[in-house]
Amino acid sequence: MDIKELLQKAIYQAAHQAIADGVFASHELPQIILEVPPQKEFGDFATNFSMQAARAAKTNPRVIAEAIVARMQETWLDKAVIAGPGFINFYLKSDWLYTMLRDILSQGENYGNSQFGEKERVQVEYVSANPTGPLHVGHGRGAAVGSALVNLLKAAGYDVASEYYINDAGNQIDNLAASVHARYLELLGQEVEFPADGYHGQDIIETAQRIVDKVGDSYLAKPVLERLAILKEIALKEKLAALKADLAAFNVQFDVWFSECTLHQNGALTETCQVLKDNGSIYEKDGALWLKSTACGDDKDRVVIRDNGIPTYLAADIAYHRNKLDRGFNQLINIWGADHHGYICRVKAAIGALGYSPEQLEVLIVQMVSLYRSGQLVKMSKRTGQSVTLSELIEEVGTDAARFFFIMRSLDSQLDFDLDLAKSKSNENPVYYIQYAYARIASIFRQAAEDGISLEEIDYTKLDLLASEWEVDLIKKLGEYQEEIADAAKERAPHRIARYVHDLAGQFHTFYNQCRIKGVDRDLQLARMGLALAVQTTIRHALGILGISAPEKM
RNA sequence: GGCUCCGUAGCUCAGCUGGAUAGAGCACUUGACUUCGAAUCAAUAGGUCGGGGGUUCGAAUCCCUCCGGGGUCACCA
């Protein structure tokens, strides 16, 4: 049991004792929240419990606080002091720090992992960009955040699966085929009218060129429809391969790539519509079938089957979400761009209509990204004249920096991505700041090894030599990591980990500048190496969650 | 207009399930390398938490309202 739980339990017991002694009356005690006080003088932990309890008990919070403090005799507690309007500040005997550090060191690579999520089955679906062209920077943010969230949830003890939904059915894919077709004919010297909704990207021309290189004009002999079908298949395959390559270069992998087509082909779509029709969630009007999404607060009902009999995108998406839930996931997390916000309501409505709880779907909306270079908004890629792609971004700033910049801000905030800052190898760049701390520790260990001092010699019983305020602060910071992971996972907030690891690196740098490791008494050196080791392991764990490398040298 | 995100230091942003003197990075100013990596550290300075009401012991945080800015409102996906 860690120290906070111990403390919570002790407060709880003291409070009950006080009630039994008639100090104050209460039926329900509020949850005991312990936090690290804003200032060191206020002790190791503080609680506002007595102020919370005072409201229900209609008693002066200080009276309650005094009663609790008087009933706490724990040996590990140095003192408990009432402060301000009724805070209780706890000052612990210092050996708790060394017990904690010892514990962190013995957990090694596993420090940070917990059972918090109780193996809840969660699926995270993200990116899911149409396979009609390259990923752009907006997708990049979703990709970075999504993959970090998956890692975060895993560390926090959830049973997580990641998934990419491939929109390989419908109009946009037909447009893709038509675009490739038009380019194919162009390359063969024919005059063609480019499709109105076609894709103008260079990648389409390249795909067409590869086809020409391979088969020449032989497809011209085939009927148009057959030709389009072949080109569709080729283009789709290429686009998908390109997506996977881009994502892999960005440290993003998926457990499952789910094809929309399969829902059309295996009857899941019609079956789902039938279920909704049978339970009255779908009705017919103007020759089309409509989902009663207004029942869930949507502005209007939505068409699922058009009057020409062709299902809408929504129909497939409903079948898809039904499929996911039928697979046994307790919680679905979708990461969408801000432009899809209005879509949440109807999908939740459908999930409710299917007999699941709309709460089982959680949609995280990621706000938009703006690129800046030299203080100027970058609207288009200089090279292609179109939106800047993820691979261009990676090429310019690198995967590590791009991922960190995408993840470091809250999803709710629009992101101003400063390209100059992201690629500067200097003190301004937070990525390098963190990696530098890691590399610095590696360097310390290398030098110690040269002096014949190895990490195996660290004596866990002598960690209490770490008594300076810098060492104590650093140990405390390390101790917060486990809970930080759990909190960040609960809030679906990977940016908290980015912030945490940046703070941790900062505290390490401070410690490093204040406390020498090499050239001090051997026991002290080993104790400080132990602290550095715990920091290094924690940074590596956190960077692992963020999908960023931890270099031994820079 | 409806829905939604944002508005906090010069800039970019944390903090938001109410708590103590509102934080960080960058930029600015000043200082620290003959000793473990100066991609570092230390110090100074910088604020009507968009405005106004309300709720209460206590509000950046909750409620109402107004003002800015972004996104979105298809039988497209």
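We use all heavy atoms of the structure for the numbers below, so side chains are in, but hydrogens, waters and symmetry mates are not.
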If only side-chain N and O atoms of Thr312(A) are considered, is one of them under 4.0 Å from the OP1 or OP2 phosphate oxygen of A77(B)?
no
With respect to the side chain of Arg302(A), which nucleotide from A20(B), A77(B), A74(B) is positioned closest?
A74(B)
Under the 6.0 Å and 45° cation-pi test, does Arg440(A) pair with Tyr512(A)?
yes
Measuring only the C1' atom in each nucleotide, how far is C75(B) from G70(B)? A whole number of Å is fine.
29 Å
Show each protein N/O and nucleotides 34-37 of chain B N/O combination with a separation under 3.5 Å, one pair to a line.
from	atom 1	to	atom 2	distance (Å)
C36(B)	O4'	Arg516(A)	NH2	3.4
C36(B)	O3'	Gln447(A)	OE1	3.3
C36(B)	O3'	Gln447(A)	NE2	2.7
C36(B)	O2'	Gln447(A)	OE1	3.0
C36(B)	O2'	Gln447(A)	NE2	3.1
C36(B)	O2	Ile517(A)	N	3.4
C36(B)	O2	Lys518(A)	N	2.7
C36(B)	N3	Ile517(A)	N	3.1
C36(B)	N4	Tyr512(A)	O	2.7
C36(B)	N4	Cys515(A)	O	3.3
G37(B)	OP1	Ser443(A)	OG	3.0
G37(B)	OP1	Gln447(A)	NE2	2.8
G37(B)	OP2	Gln447(A)	NE2	2.6
G37(B)	O2'	Tyr436(A)	OH	2.3
G37(B)	O2'	Arg440(A)	NE	2.8
G37(B)	O2'	Arg440(A)	NH2	3.2
G37(B)	N7	Ser443(A)	OG	3.2
G37(B)	O6	Met554(A)	N	3.4

Has the side chain of Ser374(A) got a donor or acceptor atom that lies under 3.5 Å from a matching backbone atom of Gln376(A)?
no
Under 3.5 Å donor-acceptor pair, Asn89(A) side-chain atoms to A20(B) base atoms:
yes
Under 4.0 Å between a side-chain N/O of Ser413(A) and OP1 or OP2 of A14(B), yes or no?
yes
Counting distance only, does the side-chain N/O of Ser50(A) pair as donor-acceptor with the main-chain N or O of Gly86(A) below 3.5 Å?
yes
When you measure from the side chain of Gln172(A), which nucleotide among C75(B), C13(B), A77(B) comes out closest?
A77(B)
In the strands shown, is G37(B) matched to any nucleotide by a Watson-Crick or G-U wobble pair with both distances under 3.5 Å, and which?
none
Would you say Tyr433(A) stacks on A39(B), if stacking means ring centres under 5.5 Å apart and planes within less than 30 degrees?
no
Taking atom P in both G51(B) and A22(B), compute the distance separating them and give it to the nearest angstrom.
16 Å
Measuring only the P atom in each nucleotide, how far is G68(B) from A24(B)? A whole number of Å is fine.
34 Å
Answer yes or no for this row: Phe87(A) ring on A20(B) base, centroids under 5.5 Å, planes under 30°.
yes
